[in-house]
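Here's the structure we're looking at; comments come further down.
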Protein chains: 2
Amino acid sequence: MARTTGSDGEKTEAAVREAAVNLIARLGYEAMSMRQLAAEVGVQAAALYRYFPTKEDLLFTLMREHMEGLIEAWDAARPAATDPATRLAAYVENHIAFHIERRHSTHVSNMELRSLSHDRLTQILRMRTAYEKELRAILRDGAEAGVFNVEDTGLTAMALIQMMTGVIVWFRPGERLSISEVTATYLSMTMRLVGATHGATTTYGAVRAFGRAKDAVAL
Amino acid sequence: MARTTGSDGEKTEAAVREAAVNLIARLGYEAMSMRQLAAEVGVQAAALYRYFPTKEDLLFTLMREHMEGLIEAWDAARPAATDPATRLAAYVENHIAFHIERRHSTHVSNMELRSLSHDRLTQILRMRTAYEKELRAILRDGAEAGVFNVEDTGLTAMALIQMMTGVIVWFRPGERLSISEVTATYLSMTMRLVGATHGATTTYGAVRAFGRAKDAVAL
DNA sequence: GAATTAATTGAACGTTCGTTTTATTATCAC
DNA sequence: GTGATAATAAAACGAACGTTCAATTAATTC
């Protein structure tokens, strides 16, 4: 046999990507074989090479698009407001929503970095750094304005990102907590962690209100 | 050739364990071949099977001993004091010190869980849960005593553990920050995150003092 | 110093891996 | 309908994998 009836390159490629994200997230990149992936898609292994020249190309594509998606999501969610507390709240909510929504590709992008070649690893890390830089800027602005109390901007940014991304390790949709409940709790933990002043309740109130509004959309 | 002069089973096994932790941490369990490991030890691949019946047995042994070490370390570091703030401070300091000290085996134990058989995975997860339970107990006690302000004990425990363990991702000994500086910063972030009351400065003062003392020892 | 045990080598086994090549069929443009 | 092209199958490639086995030598025991 050869070309099968109804076969379509675009659909096959999309199916390959989706199956690959799920399989790599579950088994790991090294443990997933191209034959396994092909079987999941319902195709022979050789057909995969029409869309991705090598296994590593496939991995890199998945990671690059994950990072591009993350950066685009933040660009879209970035608030017009300039006060650090509002910006921080938006960052936290966008981060958690994105990572829960794309749990599998996050898993892949975080766990399989060592399977990339040096150059491609550098590319992915550059994108990640750019994204994290945004959080550091928010923390720095907040510290300079005196509305945050952070000892070390870089260290706090890393701590927050690890904390937030960690959600994907234990969160399962439809269990005890909803996405909005998790987000709300993480938001208040974040605000306490950075020592956000909520003396003048206007600021903190705005943050909370913003949080609720976003939550409603996210669900 | 056969047995080599000066060969010693105990030494070889120790060398295998150490090389395995480093190689798996760097390449991943699936990507590390038994031949690679043997070469690192300076031995033929067949010799490894004298000490570990299968590759997975080797992985499991490394993980089990890592978890046992973590639990033993906490048993030794657990303070006699009963007030939640002191206990939390001890937990944080022990956790960070242990994870920085054993960065590689932590990496292995966190990243390679999916390569274990179901039964062995269950064993490791049971140990992990037991360890995390200690933190939840501290948070619960603190919340009930009114010295902590946590909305959700389980969720806060997960957030703290992810935050603290994340240190191994970016921390490199001998760079900008020392272990004690990192620990101190994480301790104060933790205390703020759980909303520890330091109105009566005695409590918070004690925590800080404890922190410094432990840091001195850790270095 | 002979017998026993411990430690290791070297070669081989069958399997699976990522990938390539060639042939074949479906689809589409004209 | 015919020719070009897109999409796939089927088979094969050499290399690497985890693991086993028999042979061999060092260390230990008596």
Side-chain angles (χ1 to χ4, degrees), chain A residues 1-24 26-63 108 112 114-118 120, chain B residues 1-24 26-63 108 112 114-118 120:
Chain A
M1 268 185 281
R3 178 167 190 172
T4 56
T5 62
S7 63
D8 175 342
E10 276 190 43
K11 284 183 184 170
T12 304
E13 177 168 353
V16 170
R17 284 167 196 256
E18 195 192 325
V21 166
N22 293 332
L23 272 184
I24 296 176
R26 198 166 77 232
L27 311 173
Y29 169 75
E30 296 281 355
M32 178 202 74
S33 75
M34 295 299 269
R35 287 173 178 82
Q36 228 174 335
L37 173 58
E40 191 83 6
V41 179
V43 103
Q44 290 298 314
L48 303 175
Y49 288 83
R50 183 174 177 79
Y51 306 100
F52 302 97
T54 69
K55 191 184 179 187
E56 197 212 315
D57 277 285
L58 169 57
L59 177 63
F60 177 65
T61 300
L62 297 178
M63 287 187 172
V108 173
E112 309 295 350
R114 59 186 159 202
S115 294
L116 290 179
S117 70
H118 179 271
R120 288 173 158 176
Chain B
M1 266 186 283
R3 179 167 189 170
T4 54
T5 63
S7 62
D8 175 342
E10 275 190 44
K11 285 182 186 170
T12 304
E13 178 167 353
V16 169
R17 283 167 196 255
E18 195 193 324
V21 166
N22 292 333
L23 272 183
I24 296 176
R26 198 165 77 233
L27 311 173
Y29 169 76
E30 295 281 355
M32 179 202 74
S33 75
M34 295 299 268
R35 287 173 176 82
Q36 227 173 335
L37 173 58
E40 191 83 4
V41 178
V43 101
Q44 289 297 317
L48 302 175
Y49 288 83
R50 183 175 177 77
Y51 305 100
F52 302 97
T54 69
K55 191 184 180 189
E56 197 211 315
D57 277 284
L58 169 57
L59 176 64
F60 177 64
T61 301
L62 297 178
M63 286 188 173
V108 173
E112 308 295 351
R114 59 185 160 203
S115 294
L116 291 179
S117 71
H118 179 270
R120 288 174 158 176

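Nothing here was measured: the structure is a model prediction, and the numbers come from that model. Per chain, numbering begins at 1; letters A, B, ... match sequence-line order.
Listed here is the closest heavy atom pair of Glu112(B) and Leu59(B): O-CD2, 3.9 Å. Minimum interatomic distance between Val16(B) and Leu37(B) (heavy atoms only, all atoms of both residues): O-CD1, 3.9 Å. Here the closest non-hydrogen pair linking Ala19(A) and Val41(A) is CB-CG2, 3.8 Å.
To the nearest angstrom, C1' of dA6(C) lies 15 Å from NZ of Lys11(B). Between Gln36(B) atom CD and dC17(D) atom P the separation is 7 Å, expressed in whole Å. For the pair Leu23(B) CG and dG18(D) P, the interatomic distance rounds to 12 Å; values are reported in whole Å. Atom pair Lys55(A):NZ and dT19(C):C1' shows a separation of 12 Å (rounding to whole Å applied). At whole-Å resolution of the value, CZ in Arg50(B) and P in dA6(C) are 7 Å apart. The OH-C1' distance, from Tyr49(B) to dA11(C), rounds to 15 Å in whole Å. One atom, CZ of Arg35(B), and another, C1' of dA15(D), lie 11 Å apart when rounded to the nearest Å. For the pair Leu48(B) CG and dG10(C) P, the computed distance is 14 Å after rounding to whole Å.
Not counting sequence neighbours, Glu30(B) has no partner by the salt bridge (Lys or Arg N to Asp or Glu O under 4.0 Å) test.
For the pair Ala31(A) and Ala46(A), nearest-nucleotide mapping onto DNA chain C gives the more 5' position to Ala31(A).
A close approach under 4.0 Å does not occur between any side-chain nitrogen or oxygen of Gln44(B) and OP1 or OP2 of dT8(C). Remark: Ser33(A) is in phosphate contact with dC17(C), judged by side-chain N or O atoms under 4.0 Å from OP1 or OP2. For Tyr51(A) and dT8(D), the shortest distance from a side-chain N or O to OP1 or OP2 is below 4.0 Å. Side-chain nitrogen and oxygen atoms of Thr12(A) include at least one within less than 4.0 Å of the OP1 or OP2 phosphate oxygen of dT8(D).
Here dG18(D) is the nucleotide among dC21(D), dT8(D), dG18(D) with the atom lying nearest to any side-chain atom of Met34(B).
Put simply, the side chain of Arg114(A) does not reach to within 4.5 Å of the side chain of Arg26(B), judged on heavy atoms.
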